[in-house]
Structure formats: C-alpha cells, structure tokens
Amino acid sequence: MTFTPLTKTMLRIAVGITLAFIYIPLLIILLYSLNPSQVLGWPPEGFTLSWFPEAIKDDGAREALLNSLKVATVATAIALVLGTLAALAVSRHRFFGRDSVSFLVLIPIALPGIVTGIALNATFTQVMGIDLTLWTVIIAHATFCVVLVFNNAAARLRRMSTSLEDASADLGATPWTTFRRVTIPNMRSALVAGGLLAFALSFDEIVVTNFTIGAGEKTLPVWIFEVLFRPNQPGKVYAVAVIAILLSMIPVYIANRMTREESTTATGAGVAAPAIAEP
Amino acid sequence: MAVDVRLTGLTKRYGDFTAVDAIDLEVRQGEFFTMLGPSGSGKTTTLKMIAGFERPDAGTVELGGEDVSGLAPYARSVNTVFQDYALFPHMSVEENIEYGLTITKVPKAERVKRRAEALEMVRLEGHGNRKPSELSGGQRQRVALARAIVNRPRVLLLDEPLGALDLKLREQMQVELKQIQGEVGITFIYVTHDQDEALTMSDRIAVFNEGRIEQASSPRDLYEHPANEFVAGFVGISNAIERDGRKLTIRPEKIRIVRDGIPADGLITETGKVTEIAYVGMVTRVKVDLDKGGSVQAAVQNTESEAEPGGRVGEEVVVGWRPEHAVSIQGETSKSVQPEERET
C-alpha cells in the first residue's frame with residue numbers, strides 16, 4: 001500500500017499521540033518517584049533518589065511484589081497446562097458438545113471482575129469452607145488466565161495442518177512423542193504470547209484479588225492501592241511502581257525476541273506475536 | 001513374486017457415503033503400483049487405510065502377510081509422502097530426515113550415514129542445515145521423499161506428491177521417482193488423478209471409480225484393452241461407438257483419415273463429416289461424425305507442415321482402423337456412471 005504525503009504525516013501524528021498517551025503518564029510516575037516532597041503534588045519540588053533505597057528496604061512492598069510474582073507465575077503455569085489441553089481437545093478431537101465447550105471456556109474473560117470475585121468468594125468461604133489464602137487468589141486468576149492461553153493455542157492449532165502430526169505418527173512416533181516433538185514446538189510462540197498476556201493480567205489484577213485474598217496478605221496492586229493515599233511517603237510508592245515497570249519489561253523483551261525468531265522459521269502460520277510497541 | 005500389500009474386502013463409509021466399497025487388491029513386492037482415479041473415487045481413503053490414518057469399517061489390510069488393520073500408524077512398517085509434504089517447520093532438513101531414525105533409536109553413526117545417503121539420493125547435499133521454509137517446492141518434495149525412504153519401510157505410500165509442482169518439474173520428478181524406486185527396491189503405492197503420470201511411472205495401475213476398482217493391470221493393458229467405458233475414457237481419449245449391438249472403443253491415434261494415395265487395405269472404413277479440427281502441436285485432432293452413428297476423434301500426426309492435415313470442417317472424409325484396434329468393451333462402468341468430463 002502506498003500513502004500520499006498528507007496521509008503519511010497524519011499517520012505519524014496519530015502514532016505520536018498514541019505513544020504520548022502511553023508514555024507521558026509513565027514519565028510522570030518516574031518524576032514523582034524522584035520528588036522529595038512528603039505530599040503528593042505537581043510540580044515536583046526537587047530531585048532525590050532516596051525513595052528507591054527506601055522502596056527496596058520496605059518489607060511490605062517486597063512481600064507484596066513477591067506475592068504478585070508467585071500468584072502470576074503459578075496461575076500462568078496452571079493456565080498453560082489446562083489451556084493447552086483444552087485447545088487440543090477442542091481442535092484435535094470430535095466429541096459431543098465440542099462447540100459448547102469452546103464457547104464456555106471463553107466466558108470468564110468477559111465476566112465483570114466483581115461478579116467473578118463475589119462468585120468465587122462465596123464458593124470458597126461458604127460452600128467449600130476453606131480459608132482465603134494466596135492459593136485461592138491463584139485459582140481465581142487461573143480461571144481467566146486459561147482463556148488467554150486457550151485462545152492463542154486454539155488459534156494456532158486451527159492453522160496448523162494435522163498432516164504434521166500424521167507425518168510424525170507415520171514416522172513411528174507415539175502420540176506422546178508427537179505431542180512433545182511436533183505439536184508443542186509448533187505452538188511455542190502462541191503459548192509464549194498467551195502465557196505472557198495471562199501473566200500480565202494476573203500481575204495487575206485487583207478486583208477479583210480483593211475478594212479472594214486472605215486477611216493481611218497483599219499482592220502488589222493491593223499494596224499500592226492501600227499505601228498510595230496514606231499521607232507521608234508517596235514517593236516510595238512511585239519508586240515501587242517504577243521498579244515494577246522495569247521488571248515487567250524483561251518478559252516482554254524475551255517474548256518479543258522468541259516470537260520474532262520463530263516468525264522467520266514458521267511456515268504459513270502467521271505468528272501471533274503479542275502486540276508490543278517498540279519504544 | 002511375494003505379495004507386500006493385500007487388501008481384502010476393504011470398506012470405508014462416512015455416514016451414508018461409501019468411500020471405499022469392498023475392494024480386493026494385491027500389490028507385489030518391489031512394484032510401482034498406482035491408484036488412479038478422479039477425486040472422490042476412494043483412492044486416497046484407501047491409501048490412508050493402508051497407512052493407518054483411517055480405520056476400515058470392514059475388510060483387512062495385510063502388510064507382508066501380517067494383518068495390520070487394527071494397528072496405529074506408528075506401528076506399521078509403511079511411510080508416507082504427503083501431498084502437502086508435511087515437513088516439520090521447526091526442524092532443519094537434516095532433522096526432518098533423521099526424525100524417523102531417532103524415533104526407532106538407530107545409533108548416531110548409522111543415522112548420520114543413512115541421512116547422508118538419503119540427501120545424496122535426492123540430490124540435496126549441502127542443504128541439510130536449511131529450514132523447510134528456505135527451500136523451493138521441488139526441494140521440499142525431495143526432503144519429504146528422503147524423510148520417508150531413509151527408514152527403509154516395507155511399503156512407501158505417495159499421496160499425489162507431485163500435485164503442487166509445475167509441469168516441467170513434475171515431469172522431471174516423475175523420472176527421478178521411478179529411478180529412485182528402482183535403486184531402493186521398495187514397493188511404491190502412488191496415488192494420482194493424472195493419467196499421464198500413472199502411465200509413465202507405473203508397473204501396474206488400479207483405476208478407481210466410486211469406491212471400486214474398475215481395472216488393475218499394466219499401463220499397456222489398461223490403455224490397449226480397457227475393461228469398460230469408464231477406464232477407456234479416464235485413461236486416454238476414448239472413442240466409444242456402438243456397432244451391431246457391441247460397444248467398441250478405438251484410440252484416436254489408431255484412426256486414420258483415408259485419402260487418395262493412402263492404402264486402405266485391411267482397414268475397416270466408414271464415411272463421415274469433419275466437425276472439429278484442433279491443432280495441438282504434435283498432432284492435429286480431427287472430430288468426425290460417422291454416417292453410421294456416433295462420432296470419433298482421430299489424432300493425425302503432423303509429420304508434414306501442411307496447412308490442414310486433417311482436412312476442413314464440413315468436409316466428407318473416410319476414416320479407417322484396423323479391426324484389432326476396435327476393442328470390445330462393457331457398459332459404461334460396473335456401476336453405469338457417466339465418466340467425468342475431462343479436458344483433452
């Protein structure tokens with residue numbers, strides 16, 4: 001497609017505005033984290049790096065971050081296993097109610113978090129009578145994380161010719177070997193993309209988390225939400241946020257690299273790389 | 001000669017549709033055997049039942065005398081060259097070729113040796129480290145062949161392997177395939193809908209139609225003595241006419257346009273009117289409506305570069321053929337179905 005110079009200019013402006021909307025608020029967070037003031041306010045009153053050591057030293061923040069990583073990792077792991085298996089079942093086998101299953105699996109992502117939260121809270125505390133812990137948060141997060149993995153995996157399997165799996169069987173491989181050596185490697189980038197989205201979604205989830213987390217335990221979003229509006233140390237919260245931003249760039253970078261490598265080797269099937277803006 | 005593949009009463013149904021209808025077939029060891037037929041005639045389904053991808057509803061598949069009907073594909077000593085090649089995109093050419101050998105735990109040294117042999121056989125030395133996406137269609141086809149043959153299966157199944165290649169490459173690969181088959185001595189079962197391909201390569205051909213085998217014989221036999229009108233029409237161009245209550249078919253190249261100076265001794269001659277003339281390079285096709293009923297197409301060799309070797313449209317001509325070239329055939333097919341309209 002070719003553009004007229006005018007269209008090109010307008011596209012550039014549109015891209016510029018979009019990027020500005022994404023990154024200016026992040027920049028403001030960075031500025032706030034460098035602001036020595038004890039109260040929240042614009043413009044910053046000076047410059048200090050002292051919030052960062054304080055943030056790192058803060059036990060509450062550290063524990064909350066660790067909890068968030070734990071929850072997101074385990075929920076993503078559960079989602080990867082269940083989502084992949086569900087996608088395989090739906091796209092590689094015919095069974096009664098297959099279409100209903102592929103629809104029902106998608107519902108949790110559309111449900112309002114508050115509904116999921118109430119439903120799971122009632123199920124855990126009243127019906128099952130178990131205490132709310134990080135594990136109940138993990139299970140709650142897994143319900144919507146599964147959808148992301150399932151969606152990505154199922155889309156990939158639909159495009160992947162079954163003759164690859166037939167060829168593997170034809171060459172003597174048992175179904176398990178075929179799954180391990182042919183199916184999974186060809187789904188890899190889709191699983192990376194799905195897993196990454198699941199991780200990100202779990203990492204910043206706050207609504208469902210509030211309803212399913214045990215008393216006294218905190219994930220990072222819960223901690224930030226609680227601490228932010230307390231008087232005294234707003235800079236520390238922003239420093240934590242900046243650290244979270246930096247940490248979250250690592251998996252995005254890895255995923256971007258992995259999917260890019262694969263897109264040069266995968267035939268036909270366009271790789272569903274996560275949409276990652278390159279700053 | 002020993003029988004490698006024996007199909008007995010093999011049947012496959014999809015709902016009400018019978019894709020393969022109780023066929024019996026024997027393929028001998030070392031044979032280049034082709035299953036030829038229009039799409040939907042059951043040839044590919046039969047191939048899939050031999051490979052194990054489809055389970056028969058009735059009948060048996062025997063490989064080397066052993067009934068394998070209930071065995072999974074990975075438990076059968078057959079390998080397949082797939083129509084879309086089905087190369088593993090995440091593996092290099094070498095890894096693709098070695099795949100079957102690693103599954104059966106062939107020792108490393110042996111594996112490397114056989115891989116090198118296979119690469120050499122398909123003339124892809126030096127391409128071992130490439131990915132399938134970096135190869136041309138013809139090269140991918142060769143990798144698929146090498147990947148299957150390197151396992152030394154009892155039988156190699158080929159599902160329209162040349163279908164995606166252009167004409168020149170296809171003709172070249174036909175010769176190569178036949179040559180490779182001669183070298184390795186493995187039984188080949190080849191599926192195609194292309195009659196020229198079948199005639200060129202095969203030791204024997206089975207013509208499929210509506211889930212049944214109409215005729216299984218050598219290419220020459222099939223062409224010269226078609227069992228029925230379907231076979232006559234599907235393999236080559238058929239001139240079916242009815243004379244004295246008998247159905248006859250005469251191949252176009254056996255029909256001569258009798259002119260002054262061309263002796264008509266020993267020929268059966270009939271008069272007719274030319275209705276169509278088509279120049280197609282090597283021959284000119286002349287369609288003649290016979291006065292006794294029916295019409296025939298004659299292929300006149302363009303030995304001279306005269307302007308109109310077959311005469312002119314509307315011209316009254318005499319056509320002739322030797323009596324032994326008018327082959328008596330049965331009705332249209334065993335099921336009496338109109339053969340598909342085909343290009344000539």
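In the text below, chain A, chain B and the rest are named by the order of the sequence lines, each starting its count at 1.
- Of the atoms belonging to B/Phe82, it is side-chain heavy atoms, and not backbone ones, that fall under 4.5 Å from chain A.
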(message) Run A/Ser168 and B/Tyr74 through side-chain contact (heavy atoms from CB on, under 4.5 Å) and show every step you take.
(response) CA-CA 8 Å; A/Ser168 175; B/Tyr74 54 84; over 6 Å; no
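- When each of B/Asp84, B/Asn151, B/Val81 is checked for heavy-atom pairs under 4.5 Å with chain A, B/Asp84 comes out on top.
- Residues of residues 173-184 of chain A that come within less than 4.5 angstrom of chain B, heavy atom to heavy atom, are A/Ala173, A/Thr174, A/Pro175, A/Thr177, A/Thr178, A/Arg181, A/Val182 in numerical order.
- Here the closest non-hydrogen pair linking A/Asp170 and B/Phe53 is CB-CZ, 3.8 Å.
- From A/Leu171, atom CG reaches atom CG of B/Asn96 across 9.0 Å, with rounding to the nearest 0.5 Å.
- Chain A forms the most heavy-atom pairs under 4.5 Å with one residue out of B/Ala86, B/Gly100, B/Ala148, and that residue is B/Ala86.
- Note that the OG atom of A/Ser189 and the NE2 atom of B/His90 stand 12.0 Å from one another [nearest 0.5 Å].
- Within the 4.5 Å cutoff, the side chain of B/Tyr85 has no heavy atoms near those of the A/Ser163 side chain.
- Neither the backbone nor the side chain of A/Thr162 comes within less than 4.5 Å of any heavy atom of chain B.
- Heavy-atom minimum distance, A/Gly172 versus B/Ile103: O-CG2, 3.2 Å.
- Between B/Pro73 and A/Asp166 the shortest side-chain heavy-atom distance does not fall below 4.5 Å.
- Crowding of A/Phe95 atom CZ: a count of heavy atoms from other residues, nucleotides or ligands under 6.0 Å exceeding 12.
- Within 6.0 Å of NZ on B/Lys48 lie no more than 12 heavy atoms contributed by other residues, nucleotides or ligands.
- Looking at B/Thr104, there are no atoms closer than 4.5 Å to chain A (heavy atoms on both sides), in backbone or side chain.
- Both the backbone and the side chain of B/Asn79 come within less than 4.5 Å of a heavy atom of chain A.
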Please tabulate, one pair per line, all N/O donor-acceptor pairs under 3.5 Å involving side-chain atoms of residues 118-127 of chain B, not counting sequence neighbours.
unit_1	atom_1	unit_2	atom_2	d
B/Arg123	NH2	B/Glu176	OE2	2.4
B/His127	ND1	B/Glu125	O	3.4
B/His127	NE2	B/Gln139	NE2	3.4

